[in-house]
Protein chains: 2
Amino acid sequence: MTAETKTDQTRARLLNAAREVFSQHGFQGATVREICRRAETNVSAVNYHFGSKDGLLAEALNFAQLKALQAANIKADECPEARLHLFIRDFMLMLLDENTPSSQCRIMARELADPTPALDKIVREAIAPLHKFLGELVHAIVGDTVGEAELRRCVHSIFGQCLFYRHSHPVLQRLYPKLRYDSKEINAIAGHIADFSLAGVKRIAGIRNPV
Amino acid sequence: MTAETKTDQTRARLLNAAREVFSQHGFQGATVREICRRAETNVSAVNYHFGSKDGLLAEALNFAQLKALQAANIKADECPEARLHLFIRDFMLMLLDENTPSSQCRIMARELADPTPALDKIVREAIAPLHKFLGELVHAIVGDTVGEAELRRCVHSIFGQCLFYRHSHPVLQRLYPKLRYDSKEINAIAGHIADFSLAGVKRIAGIRNPV
DNA sequence: AACTGTATCAAACGCTTGTTTGAAAGTAAA
DNA sequence: TTTACTTTCAAACAAGCGTTTGATACAGTT
C-alpha cells in the first residue's frame with residue numbers, strides 16, 4: 001500500500017466520521033477525540049490532515065447533493081406546482097431520512113442557529129442558491145402578482161416548515177414517542193407541506209384556491 | 001440590609017444574567033463565568049445559590065409570559081381566525097423583539113434542537129400546552145373535517161414558520177444584511193404567517209379559500 | 001544499506017470548563 | 001462582646017478541550 005493511498009484512506013475515514021459526529025452533536029458539541037475514535041485513528045490526525053477542527057468542518061461540507069437535487073428538479077418535465085411538491089419531498093428526505101448517508105444537509109441545519117467559522121461559506125455556496133431556487137419556483141407559480149418582500153416570506157414559510165421537523169425533532173419525539181421518520185411518514189409530511197404551502201402562496205398572490 | 005435580602009438580590013441578578021447569556025449563547029455555549037461577570041458576583045455564587053449550572057437553568061426558565069399570552073388570547077372576543085392572527089403576532093413579538101426582556105422564549109427556542117437536562121421540563125410545562133392550545137385554535141377554524149395527524153401537521157406548519165425567523169436569524173442576516181426585527185417588520189411577518197397559514201389549514205380541511 | 005520524506009502514535013501542553021474549598025466578611029441573636 | 005450562621009471571594013481542582021511535539025514505523029529512492 002503506497003503512502004498516498006494510506007493518506008487518502010485516513011482522510012476519508014476522518015471525513016466520514018466527522019460528518020456523522022458534526023450532524024449529531026453540532027460543531028461545538030462534537031469533539032476531535034470522538035471523531036478520531038470513530039475513524040480509528042489518533043487524535044493528532046485531524047490537525048495533521050486538515051490543520052484544525054475548523055478545517056475539517058470546511059472539507060466535510062459537501063453541497064453536491066443539494067445542487068443535484070435542484071438540477072434534477074429543474075430538468076423534471078412538470079408544472080411548477082408539481083415541481084414544488086417534488087422539491088419538498090426530496091428536501092425532506094435529505095433532512096430526515098436516517099437510512100441515507102446525507103448528513104451534509106443535517107450538518108448545515110444544525111449550524112443555522114449557531115454561527116461557526118464555516119457559516120459564511122455555507123450561506124454563500126448552499127443556502128443563498130437554495131433560497132434563490134425556491135424563490136424562482138414560487139415565482140413561476142404565482143407570477144408577478146406578489147412583491148419581492150412577500151415572495152421572500154413565502155420562501156421562508158416553506159423552509160420554515162421543512163426545517164421544523166429537523167430542528168424540533170428532540171421535542172417532537174417527546175411529544176409523540178411513537179414518531180418515526182420512515183419513508184411513509186416523510187412522504188406524508190412532504191405532501192402536507194406542499195399542499196399547505198401551495199394554498200398559502202396562492203392566497204398571498206390573491207389567487208383563489210380550488211378545493 | 002438583611003442577609004435574606006442580600007441573598008435574594010444576588011439570586012435575582014444571577015437569574016437575569018443567566019437568562020441573557022442562555023438566550024444568546026445557548027446552554028452549552030454559556031459559561032458560568034460570564035453569567036457571574038454580568039451579575040457582578042463570584043464564580044462560586046452559581047453553585048452556592050443554585051447547586052449547579054443545570055439548576056440555574058431550571059430556575060431561570062419561566063413560562064408565565066407564555067401562559068399569559070394564551071390566556072389573553074382565549075379571553076379575546078374575536079373569531080378563531082382573528083385569534084390565530086393575534087396569537088402569531090404576540091408569539092413573534094416574544095420570539096423576535098429585542099426591546100422586550102422576554103428571553104425565556106428565546107432560551108427555549110435555542111434548546112429545541114439540543115437536548116439539555118431541562119428539555120423534558122420545557123416540553124412538559126410549556127411546549128405541550130402550547131401545541132395543545134394551537135391545535136384547539138386550528139380545530140375551531142376547520143371543525144371536524146380534518147384528522148388528528150393532519151391537524152398536528154398544521155400546528156407544526158405554523159410553529160415552523162414562526163420559529164424559522166428565530167432559528168435562522170444568523171443566516172437571514174447574512175442573506176439580507178438590511179434585515180432588522182423592528183416592530184414594523186415583526187408585524188409584517190406575523191401578518192404574512194397568519195394569511196399564509198389560514199389559507200393552508202383551510203386547504204387541508206378542504207375549505208375553499210376566498211381571495 | 002543508507003537516506004529521505006511521509007504517516008502514525010503516545011504523551012504532553014496550554015487553556016477553559018464546571019465545581020469545590022477554606023478563609024474572610026457580614027449579620028443576627030445571646 | 002461573644003457566638004452562630006450566612007454569604008462572598010480568591011484560589012485551586014479535576015476533567016475536558018483543541019493542538020503540538022518528538023519519537024517511531026514505513027515506503028520509495030539512491
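Below, chains carry the letters A, B, ... as their sequence lines are ordered, and counting in each starts from 1. These numbers come from a predicted model, not from an experiment.
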Provide, to the nearest angstrom, the distance between the CZ atom belonging to Arg37(A) and the C1' atom belonging to dG16(D). 12 Å
Atom NZ of Lys53(A) and atom C1' of dT20(D): how far apart are they, to the nearest Å? 17 Å
Within the structure shown, what part of the strands sits under 4.0 Å from Thr41(B) by heavy-atom distance: base, sugar-phosphate, or nothing? sugar-phosphate
Distance below 4.0 Å between Thr10(B) side-chain N/O and dT8(D) OP1 or OP2: yes
So with a 6.0 Å cut-off around NZ of Lys121(B), is the heavy-atom count from everything else above 12? yes
So what does Thr31(B) hit on the nucleic acid, given a heavy-atom distance under 4.0 Å: a base, only sugar-phosphate, or nothing? sugar-phosphate
Interatomic distance, Arg11(A) CZ vs dT6(C) C1' [rounded to whole Å]: 14 Å
Under a 4.5 Å cut-off applied to non-hydrogen side-chain atoms, are Glu185(A) and Arg180(A) in contact? no
Just the rounded figure in Å: distance from P of dA7(C) to NE2 of His49(A). 6 Å
Closest-nucleotide ordering on DNA chain C, the 5'-leading residue of Val43(A) and Tyr48(A): Tyr48(A)
hbond_proxy Arg33(B) side chain to dG18(C) base (donor-acceptor, 3.5 Å cutoff): yes
Rounded to whole Å, the CZ-C1' distance (Phe50(A) to dT8(C)) equals 15 Å
Has the side chain of Asn42(A) got a donor or acceptor that lies under 3.5 Å from a partner of the other kind on the base of dA7(C)? no
Interatomic distance, Leu15(B) atom CG to Phe50(B) atom CZ [nearest 0.5 angstrom]: 4.0 Å
Rounded to the nearest Å, what distance is computed from the CG atom of residue Asn47(A) to the C1' atom of nucleotide dC9(C)? 14 Å
Rounded to whole Å, CG of Leu14(B) lies from P of dT7(D) at a distance of 13 Å
Taking side-chain contact (heavy atoms from CB on, under 4.5 Å) as the criterion, tell me which of Leu95(A), Leu93(A), Asp97(A), Ile189(A) meets it with Tyr181(A). Ile189(A)
Using the six-membered ring wherever Trp is involved, compare the ring planes of Phe159(A) and Phe87(A) and label them parallel, tilted or perpendicular (cut-offs 30° and 60°). perpendicular
Value in whole Å for how far the C1' atom of dA7(C) lies from CD of Glu40(A): 17 Å
